[in-house]
Amino acid sequence: MNNWVIQTQDVHKGFKGKQVLLGVDLNVPHGSVVGLLGKNGAGKTTLIKCLLGLFRLDDGEITLLGEDPWTLSAAAKERLGYVPQEVSLYPWMKVQQVVAYTGAFYPRWNKALIERLIKEWELDPDAKVSPLSVGERQKLAILLALGHEPELLVLDEPAASLDPVARREFLRAILEITSDRARTVLFSTHITSDLERVADRVAILKDGKIIYHDELGRLKDSVKRLQISAASPLPTSLNIPGTLRCEVDGQEALVSVRDLNDQVVDGIRERWNATVQVRDLNLEDIFLEMHHV
Amino acid sequence: MFERYRAAAMTYIRPATSIPMAALLMAVLFPILTSSPPYNVKYITSIGLMFVLLEASFLAYHVKEQIANYRSTVMPRFCTPHIVVALTFSLVLILLHTLLLGVFGASILGALAIFSMCLATGLWVHHFHPGVIGVVLLVGVASLVGTLVLIPIVDKSSNSYLYVIELILSGSPAPATTTLILSIVVIAGWVVRLMHLNEEMFEYHLKLPFTESDQKAQRDRIRANEQPPGMAARFDRLRGYVGSGTWKRVRHWQLGNAPTTWILTVLCITLFVVYYLVTMATGIPKEYDGTPIPGGFIGFALFVFFLPYLGALRVVGRGCDLGYESLRPCSKPQLVRELGLAAALDMFTAWAMLIVVWGLTIAIWNRVAITPLELLVIILFSIGGNVFLFGVTAWLMRFHSLTLVVGGELAVGGGVLTVFALGFTLLTFVLRRELLSLFPAWATLSMLLGLAGVLLAWYSYRKWCETELG
């Protein structure tokens with residue numbers, strides 16, 4: 001059996017002459033929690049909409065839950081949950097009416113789960129949707145996406161509008177629903193701390209391509225920052241393999257490198273008669289280094 | 001200093017206002033440009049009134065949108081240039097129309113007075129609470145003026161002026177001067193209102209759905225009390241999975257179609273009342289080719305086609321969330337089919353409601369005896385016309401823009417106006433007792449309209465299935 005819930009191959013998508021996705025390859029394994037990381041305008045939402053069949057591809061191929069997303073069947077959609085970046089959610093309805101309205105589309109709807117989440121997330125079932133704050137609407141949208149206990153949950157910057165408490169609760173809910181490893185979650189974000197808390201894999205989208213996709217721990221292990229102090233002034237370019245960013249100031253240098261190993265460190269020590277300190281980076285630092293900021 | 005005024009003027013270069021205005025201009029001016037002398041002064045007046053009214057409404061919308069914004073508070077000397085530019089445009093507009101009428105021999109004072117009156121009405125359209133009153137006012141006045149426009153087209157010798165307009169236009173000093181002064185006071189009131197516009201005033205948040213953000217804002221302002229009791233009861237009856245039957249699902253989709261039934265009811269009742277106030281008070285139009293025309297007949301032509309069309313336009317508001325909704329468990333063709341049927345059901349409800357209201361009107365108020373066969377033709381024609389309008393709207397809605405829908409309607413020859421004019425002609429045949437002899441022709445025309453609508457709807461369905469809903 002194919003273990004991939006999402007498979008993409010050389011996906012291209014552009015709008016009015018501007019190419020947003022330039023050959024995206026991303027395979028998401030069953031049971032994983034994948035954080036899709038990228039700067040504003042990197043194409044995260046476009047990629048997600050292509051994955052869900054909301055946009056038609058210019059080129060390439062996507063398989064979602066074993067089907068072509070452009071012609072996704074009702075059966076596949078029953079296994080899919082989606083929270084868009086912005087959703088208005090029928091402003092004239094009450095919270096409980098939106099829940100009932102949405103739930104009526106699904107043959108399997110976990111009413112108990114929704115009632116519990118409404119309580120935990122402090123949503124008033126009798127409140128109208130229209131006056132809800134952005135964060136409350138976001139909570140409601142997330143809740144609606146969880147009601148049918150989807151096998152694949154796709155969230156487009158789900159926590160962007162949530163306050164820290166709600167965000168923590170949301171992340172806890174994600175951990176809870178994925179604890180049995182039966183569900184897959186793909187969520188885009190630029191809040192790296194959220195990603196570190198729940199994701200086991202990370203995909204980084206840059207310039208229309210996935211520049212990194214692997215386990216989060218492996219990424220952290222592979223990207224390091226070297227603090228180099230040499231006996232004599234260093235050249236402006238150190239030519240260290242896997243360099244992401246390099247700052248040289250006289251005899252001192254700060255170099256961020258990928259796929260570091262002991263041989264590289266020893267080579268630096270010998271070549272410039274230098275002391276080298278290897279430092280770990282958190283995900284935010286790694287993300288910044290990868291974007292040369 | 002002039003930079004600020006230039007900047008304010010530059011804001012008018014935007015598709016949201018320029019496309020509908022250009023389309024409107026073409027639709028309105030086409031008959032003038034293609035007609036030959038001698039020109040019908042009353043017809044030119046009617047067109048001028050309609051144009052000033054709608055143009056003023058667009059101007060008012062635009063300037064309010066500029067001022068109902070944080071920029072007007074935080075930026076120095078922001079409001080004045082916008083208001084001055086809007087007033088300048090307005091002045092140029094009514095002066096042009098006044099001069100045009102003057103050339104054809106009308107009183108300059110009278111013309112200035114009635115155009116100012118229309119301008120004042122148009123400028124205030126976006127300052128009513130609830131907003132639907134403003135829309136109703138605009139639609140009501142535009143329908144009235146529109147009637148004045150259409151009747152001279154049908155009958156060159158028609159004497160369809162409102163008495164009050166005739167009086168002002170004749171240049172009688174007292175009515176004309178009074179109207180002009182009152183209009184200036186109303187316009188001044190509008191300026192004062194704009195100068196003091198702030199977030200705590202209801203109209204600050206009123207938007208028209210010209211852009212995507214406006215559509216979102218419009219949806220957001222639909223408040224709790226706009227949910228009709230019947231709809232709440234339908235929610236209460238929801239018990240889990242709605243099932244896979246098409247009819248059940250269509251009824252379910254309808255729940256998410258915005259409270260169209262409620263809005264249609266409000267519009268219907270209000271327009272009906274406005275219409276009666278107008279037709280009963282003024283007795284327009286008086287006759288067609290020597291045959292008296294009861295007001296109820298004009299009501300049919302105006303509203304039986306217009307309101308269902310408005311209902312379909314409400315579905316455009318759902319457009320922004322279609323991507324989200326398309327991930328409900330159903331295939332894309334099924335989604336398009338069911339949403340289309342839900343919209344058609346809304347239209348049908350409004351149509352049926354109007355037919356009943358109209359029938360009662362004719363029977364009780366106007367006491368016109370219609371034979372069953374005549375009634376059949378009328379119903380057939382209104383069905384054909386509505387199906388045609390549904391097809392046109394379904395096709396245009398694919399472009400996710402109300403601007404395009406409205407502009408497109410006007411550009412494709414005025415789907416609404418065409419059917420409206422045909423409807424009016426049909427009724428004159430009823431009045432002249434000539435309909436029965438023309439039954440095959442009208443029945444064929446109705447069927448052709450319906451068929452065109454069905455084909456257009458089918459084509460739209462195919463296209464919708466290929467459309468990106470994200």
Side-chain angles (χ1 to χ4, degrees), chain A residues 13 15 45-46 48-50 52-57 67 69-94 96-109 111 126-132 137 141 144-145 148 150 154 156, chain B residues 212-213 215-228 231-244 248-249 251-260 262-263 317-335 338 465-470:
Chain A
K13 178 68 187 172
F15 302 97
T45 299
T46 303
I48 283 178
K49 289 191 172 185
C50 286
L52 296 172
L54 301 179
F55 286 157
R56 193 201 286 266
L57 304 185
E67 295 184 15
W70 185 249
T71 54
L72 209 59
S73 68
K77 286 178 184 175
E78 281 173 21
R79 299 157 59 199
L80 173 69
Y82 169 52
V83 180
Q85 211 168 18
E86 273 185 45
V87 60
S88 61
L89 288 172
Y90 322 104
W92 65 92
M93 294 187 196
K94 293 177 183 175
Q96 61 183 354
Q97 289 176 337
V98 178
V99 170
Y101 177 72
T102 308
F105 282 102
Y106 294 91
R108 286 188 306 111
W109 184 258
K111 211 173 161 189
D126 291 318
K128 293 283 185 218
V129 172
S130 174
L132 292 182
R137 281 189 208 193
L144 295 173
H148 55 291
V154 181
D156 193 358
Chain B
E212 199 170 310
S213 62
Q215 284 175 19
K216 186 177 181 302
Q218 192 207 33
R219 283 199 306 275
D220 287 352
R221 77 180 165 74
I222 298 173
R223 297 294 169 189
N225 58 2
E226 289 194 11
Q227 189 180 92
M231 183 171 267
R234 282 176 65 187
F235 279 115
D236 293 341
R237 283 197 297 273
L238 282 178
R239 295 277 180 275
Y241 184 44
V242 75
S244 55
K248 279 184 181 173
R249 290 176 64 90
R251 296 281 291 157
H252 192 64
W253 281 114
Q254 232 192 338
L255 278 176
N257 239 4
T260 44
W262 172 244
I263 284 171
R318 198 169 187 157
C320 300
D321 289 328
L322 271 185
Y324 175 67
E325 295 206 275
S326 71
L327 294 172
R328 307 267 187 239
C330 62
S331 67
K332 200 167 173 183
Q334 192 185 0
L335 171 92
E338 290 175 355
C465 289
E466 295 299 312
T467 301
E468 291 182 335
L469 299 177

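Letters go in sequence order (proteins before strands), and every chain restarts at 1.
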Determine the interplanar angle of the B:Trp253 and A:Phe105 rings, folded into 0 to 90°, and report it as parallel if under 30°, tilted if 30 to 60°, perpendicular if over 60°.
tilted
Listed by chain and number, what are the salt bridge (charged side-chain N to carboxylate O under 4.0 Å, His left out) partners of A:Glu67, not counting sequence neighbours?
none
With a 4.0 Å cut-off, would you call B:Glu468 and A:Lys49 a salt bridge?
no
Residue selection (most heavy-atom pairs with chain B, distance under 4.5 Å) from A:Ala104, A:Ala100, A:Ala74, A:Gly81:
A:Ala104
For A:Leu144, is it the side chain, the backbone, both, or neither that has a heavy atom closer than 4.5 Å to a heavy atom of chain B?
side chain
What residue in B:Ser331, B:Pro333, B:Cys330 has the most heavy-atom pairs under 4.5 Å with chain A?
B:Cys330
Could you pull out all residues at least two apart from B:Arg251 that satisfy salt bridge (charged side-chain N to carboxylate O under 4.0 Å, His left out)?
none
